[in-house]
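For reference, the structure is listed below as structure tokens.
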Amino acid sequence: MEKCYGTESCQLKKNKMKFVEVHLELTLALISGSIIIMAWLLQRYEYPALSVALFLSAYVIGGYFKAKEGIEDALSNKTLNVELLMIFAAIGSAFIGYWVEGAILIFIFSLSGALETYTMNKSHREISSLMDLRPETATVLVNGNERKVGVNHLVIGNFVLIKPGERIPADGKIVKGTSMIDEAALSGEALPLLKTVNDEVFTGTVNKNGLITIEVTKKSEETLFQKIIELVQQAKDEKTPSQLFIEKFEGPYVKIVLLIVGLMLFLPHYFLGWSWSETWYRAMVMLVVASPCALVASIMPATLSAISNGARKGILFKGGVHLENLAALKAIAFDKTGTLTKGKPSVTDLFIRPGLDKEVFLQSVYMIEKQSTHPLAEAVVHYVKDHYVKNSGTHSALSVDSMHEIPGCGVEAEINDIPWKVGKRSFIGDSLADSFYGNEANRLQEEGKTLVYVADDKGVAGLFAVQDTLRETTREAVKSFKDQGLYTIMLTGDQAATAAAVKEMTQIDTVVAGCLPEGKVMEIKKLKEKYHTIAMVGDGINDAPALAAANIGVAMGGGTDAAIETSDIVLMKNDLSKIAEAVRLSKRMNRIIKQNIVFSIAVIALLIISNFLGHVSLPLGVIGHEGSTILVILNGLRLLRG
């Protein structure tokens, strides 16, 4: 037996095998069609026995998948279904001598089934591609030595070496090195991101150019990569209310059709004067045209196509039911921190005492604040590094002689025997603070910004204004929600001034400040009473109860595990504008499903009436019925685009 070691020829063989496996149903349908043509030609040239044998083989080859599906479903659910109805129709057509029509029925029915299978494969291509992206092995560092292990054997705390061009085998944080990381497979972000020490990295992403070492922070089954796979798999298995209704409707409908066909085999001969051949012929046409194939295929292909479309854009639906419900959305509530905002404070304004050396000031603040782990201190350090610290040797004569942090107030330090203070207003002194850009400070506070004062031996030296800034897409997203007629509300635990400032910047309709988790749940219940269908968007553990209480919970992909697990939809790119896109996709999907249902019912009704009037032949019935099935599937596949 030939073994494959990853050569190009072996990989080509694997790809061919995969192609045949995925497209087997379509392949058998096409083979069945070819055999039907051969059998029809032999029938014309009067080779009846051979043509019948070929027709029988076409029945078996073309109808294998549908017959297998129908029998298994009937045995498990103990009810009749559309697949069995079509098999009965094909056998009945052959029984009265219409071999060609029966074979064509099987061929077109198997072709429509192959189209449905194609839709399934297409809609889950994302999960397959993700599975291919996950590395099988990782290079673990043990006492400075490299050792190859399977990714499933990685444990939290392992140090993994990742070379340029390799895929990252586990979720973790960088402990050594800097590199550009391509996260397109997970987030859809086209440009690689620069990541350095303490930055997070994720399974399946690509290390582009640097040698890095990461510390594993999550087990393989808890990674973001694995969560995506589980979400897509869950979406595949969960059915929409419309689909569930159609499936419940299918069983009783098939029984009614078989009952009517049974009566038509005899009653028209006695009551309408039809000949026996006409009676049996019309009964077989009835069996074909009354089957709800198109109606059954109206929903699932469209739903799976829409889910696939969303997944490709970074919108993961945990089920078609949530996608369907989005169309009825009337109001949407947001958490603030980490949802509307980035979740990390950053410096927005800076004021320095006139005459003070700017470089000395910034270097001094940098040297003091980099020793602190307070979020505001980190914001100041990042600001100075990003804007002013160009040369680490600048003012190298400066040295911190002593430093003392006072919890809840700030930091005291001495630099070259000069005392410095960095902290809140009262720590510096209210009278000193009032005399330093007082009007500007009041304005900044009204905008919901936090003030960090810096003082030296001559008084207040500078003032930093720090705020959790909006995400780049927040304003555009809120505007798009309003354009769609959605009522917007922000639920936040922050103080009223901060909430009012965010309301002003985003133009959200209503803000509720000082909301604890239980308060958010109460507000969600009030919104549901007023607007019936509402969504909640959040990212933190404290948002999980509200996400569960809403009709539709939406989690930011960069949020906590609790938020992601509780939600119904996950935004992998942390892009709020994707919600508006998801609403449009939902409305488009529901519109296409309604088109399919109305069209399929209209075709069935028209064919049934025409059959009783004697205007539909069996070939025309087959083409009309199966053609409508293929059309509704193709109409659903339109959701893969755009």
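- Annotation for D539 and D543: closest pair N-OD2, 3.0 Å, computed over non-hydrogen atoms.
- The closest side-chain donor-acceptor pair between K313 and N309 falls under 3.5 angstrom.
- Crowding of K482 atom NZ: a count of heavy atoms from other residues, nucleotides or ligands under 6.0 Å exceeding 12.
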Does the pair E476 and K479 meet the rule for a salt bridge (Lys or Arg N to Asp or Glu O under 4.0 Å), with working shown? CA-CA 5 Å; E476 175 194 346; K479 183 179 182 301; over 6 Å; no
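- When all heavy atoms of Q595 and R638 are compared, the closest pair comes out as OE1-NH2, 3.6 Å.
- The shortest side-chain heavy-atom distance between L606 and S610 falls under the 4.5 Å cut-off.
- Between W280 and F266, the ring planes lie perpendicular to each other; the angle is over 60°, past the 30° to 60° tilted range.
- I552 contributes atom CD1, which lies 9.5 Å from atom CZ of F317 (distance to the nearest 0.5 angstrom).
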Candidate pair F334 and F481, rule ring pair (Phe, Tyr, Trp, His ring centres under 6.0 Å), full reasoning
CA-CA 12 Å; F334 306 92; F481 299 143; 5.6 Å; yes
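- Evaluation of the side-chain contact (heavy atoms from CB on, under 4.5 Å) rule for T474 yields L340, L470, R471, V478, T506, L576 as partners, not counting sequence neighbours.
- For W276 and Y270, the distance between ring centers is under 6.0 angstrom.
- Between S305 and L637 there is a side-chain heavy-atom pair separated by less than 4.5 Å.
- The closest side-chain heavy-atom distance from M284 to L265 is below 4.5 Å.
- Judged by distance alone, with hydrogens and angles left aside, the side-chain atoms of S275 form a donor-acceptor pair with the main-chain N or O of E278 at under 3.5 Å.
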In residues 48-58, what donor-acceptor pairs under 3.5 Å come from side-chain atoms, sequence neighbours left out?
{"residue": "S51", "atom": "OG", "partner": "Y47", "partner atom": "O", "Å": "3.3"}
{"residue": "S51", "atom": "OG", "partner": "P48", "partner atom": "O", "Å": "2.8"}
{"residue": "S57", "atom": "OG", "partner": "L54", "partner atom": "O", "Å": "2.6"}

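- When atom types are taken as modelled, the side chain of D568 and the backbone of G553 share a donor-acceptor pair closer than 3.5 angstrom.
- In summary, the side chains of N590 and E324 do not present any donor paired with an acceptor at a separation below 3.5 Å, with no hydrogens or angles considered.
- Between the CG atom in L571 and the NZ atom in K578 there is a gap of 9.5 Å [rounded to 0.5 Å].
- A 4.5 Å side-chain heavy-atom check between L640 and S308 finds at least one atom pair inside the cut-off.
- When side chains are defined from C-beta on, F599 counts as touching S628, because their heavy atoms get closer than 4.5 Å.
- A salt bridge is absent between K525 and E529; no separation between the charged side-chain nitrogens and carboxylate oxygens falls under 4.0 Å.
- Between atom CD1 of residue I37 and atom CG of residue L42 there is a gap of 12.0 Å, rounded to the nearest 0.5 Å.
- To the nearest 0.5 Å, atom OG1 of residue T279 and atom NE2 of residue H269 are 6.5 Å apart.
- One side chain, T488 or D509, offers a donor N or O that lies under 3.5 Å from an acceptor on the other.
- At least one side-chain heavy atom of L486 sits less than 4.5 Å from a side-chain heavy atom of L329.
- Taking CD1 of I609 as the reference point, atom CG of L607 lies at 9.5 Å (rounded to 0.5 Å).
- Side-chain atoms of W99 and Y59, non-hydrogen and from C-beta on, do get closer than 4.5 Å to each other.
- The shortest side-chain heavy-atom distance between L585 and L639 falls under the 4.5 Å cut-off.
- Expressed to the nearest 0.5 Å, how far OG of S586 lies from CD1 of I579 amounts to 13.0 Å.
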